[in-house]
A.B. asks: 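Before I ask anything, here is the structure I am working with.
A, B, ... follow the sequence lines: proteins, then strands. Residue 1 opens every chain. Predicted model only: the values in this text are computed from it and were never measured.
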2 protein chains.
Amino acid sequence: MPRLSNAKEQIMDRARRLLQSHGFEGFSYRDISSQLGIKNAAIHYHFPTKSDLGQALVEDFCEETRQQIAFARENLTVRKQLDAYFERMAQEFDRDNSLCPVGAMTTSLGTISDSMRNSLNQLSALVVDWLTETLEKGRNNGDVEFSGDARSKAIQISAAMQGARQLSRLNCSNQVERVAGQFKEELYKEPS
Amino acid sequence: MPRLSNAKEQIMDRARRLLQSHGFEGFSYRDISSQLGIKNAAIHYHFPTKSDLGQALVEDFCEETRQQIAFARENLTVRKQLDAYFERMAQEFDRDNSLCPVGAMTTSLGTISDSMRNSLNQLSALVVDWLTETLEKGRNNGDVEFSGDARSKAIQISAAMQGARQLSRLNCSNQVERVAGQFKEELYKEPS
DNA sequence: GTCTATATACCGATAGAC
DNA sequence: GTCTATCGGTATATAGAC
């Protein structure tokens, strides 16, 4: 009889929070096991190595992001898609001061496995590709306004949101909303 | 007779590189001592605790930034000041793929000393305050163009440059130049 | 599937010789 | 000012009982 109803999910949930607050090398199996009231060895049963755990976490982020993008693309206008993206970034920070997964892993890029790094790259590309496509579409139909090429704008926005979540943790104030508001003012200059 | 001509400076130089590539918790006294061909205890003589070393590093960053800002403010036009800032960010990344000090510390904010955190906060504020002042001045004399309030724009730019350095390490390509180019295109729309 | 116990390695830090 | 030697703590990971 297991002590936890669905141990694997609970382990990943704790690991996810720890990753987004302390980075991949900033938490240990002990942090997870003590929070769940189990022992280290129990985690090793579900995730033999920490790399396995990290890989599962990043793939989870990818899948979640894919679903959010798919929903937005099929159901929302360009402006609503961008608004939802900005709002999600601000809300994730408000909830638990969490970093974006990519930002939380940047200091560990030299030590993680190739497969983990590849998945992280995919996660980053998912957002940038969707932003590029959405911005381009919005410029064509007049929903948004910006100069330069769409991919550069997409990278600029993505980088700024990641950085804003980090600066906000340092200042203890939500700069994500502020940066998002600045982008919206610039993109939505002409009311549709 | 010391084995190193100026041990303290050499230790800080190595520590600085390690901090900007692996984060504060991502390097050890051993990493530094092995690179310099000395022993751990020698580092502890100059920096009794790792917190002392970290504090010295952040204060060094502050002093360097203060000098760069003071020079720019006194000798350069608004556009030249912004150009110098963008170019410095891109060059620092090109040289050794280094993170900005603030971005390198965000996953360690929960474990570092209060004094280190305060210095880090000062470092971030130095750049944002200077950017705010410079943007406002440039908008008044027609050197640059942007909407919204200057401080929001300053935070947006600062956050984007920090994020761009991190994304660039993941992609193995210099997105810092690309993001800087996007900002320049937007800010310098009207040729002076 | 979870436990106890253990292996091995690394960490920051200190004492004392030179 | 640097060394050798060592301490206590923690990390990931494994073996084997239950």
A.B. asks: Donor-acceptor pairs under 3.5 Å, side chain of residues 38-45 of chain B to any protein atom, not counting sequence neighbours: which ones?
C.D. replies:
residue: Asn40(B); atom: OD1; partner: Arg30(B); partner atom: N; Å: 3.3
residue: Asn40(B); atom: OD1; partner: Ser33(B); partner atom: OG; Å: 3.0
residue: His44(B); atom: ND1; partner: Pro48(B); partner atom: O; Å: 2.8

A.B. asks: Which one of Phe71(B), Phe183(B), Trp130(B) satisfies the ring-ring contact (aromatic ring centres under 6.0 Å, His included) criterion with Tyr85(B)?
C.D. replies: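 Option passing the ring-ring contact (aromatic ring centres under 6.0 Å, His included) with Tyr85(B): Trp130(B).
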A.B. asks: Measure from NE2 on His44(A) to C1' on dA5(C) and round the result to the nearest Å.
C.D. replies: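 Computing the His44(A):NE2 to dA5(C):C1' distance gives 14 Å.
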A.B. asks: List in chain and number order the residues that pass side-chain hydrogen bond (donor to acceptor under 3.5 Å, both in side chains) with Glu9(A), two or more places apart in sequence or in another chain; answer none if no residue qualifies.
C.D. replies: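 Expected list: none.
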A.B. asks: Classify the nucleic acid contact of Asn40(B) as base, sugar-phosphate or nothing, counting any heavy atom under 4.0 Å across all strands shown.
C.D. replies: nothing
A.B. asks: Do any N or O atoms of the protein come closer than 3.5 Å to N or O atoms of nucleotides 9-11 of chain D, and which pairs are they?
C.D. replies:
residue: dA11(D); atom: OP1; partner: Ser28(A); partner atom: OG; Å: 3.2

A.B. asks: Applying salt bridge (Lys or Arg N to Asp or Glu O under 4.0 Å), can you list everything that pairs with Arg88(A), at least two apart in sequence or on another chain?
C.D. replies: none
A.B. asks: Within residues 51-58 of chain B, which residues have any heavy atom lying less than 4.0 Å from an atom of DNA chain C?
C.D. replies: none
A.B. asks: Identify whether NZ of Lys or CZ of Arg in Lys50(A) sits under 6.0 Å from the centre of the six-membered ring of Phe27(A) and within 45° of that ring's axis.
C.D. replies: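 Output yes; distance and angle both within limits.
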A.B. asks: Could you tell me which residues satisfy salt bridge (Lys or Arg N to Asp or Glu O under 4.0 Å) with Lys184(A), sequence neighbours excluded, listed by chain and number?
C.D. replies: Asp83(A)
A.B. asks: Report the distance from atom CD of Glu87(A) to atom CD of Gln91(A), rounding to the nearest 0.5 Å.
C.D. replies: 4.5 Å
A.B. asks: Is the backbone N or O of Ser147(A) less than 3.5 Å from a side-chain atom of Gln182(B), with the two atoms forming a donor-acceptor pair by type?
C.D. replies: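 It does hold such a pair.
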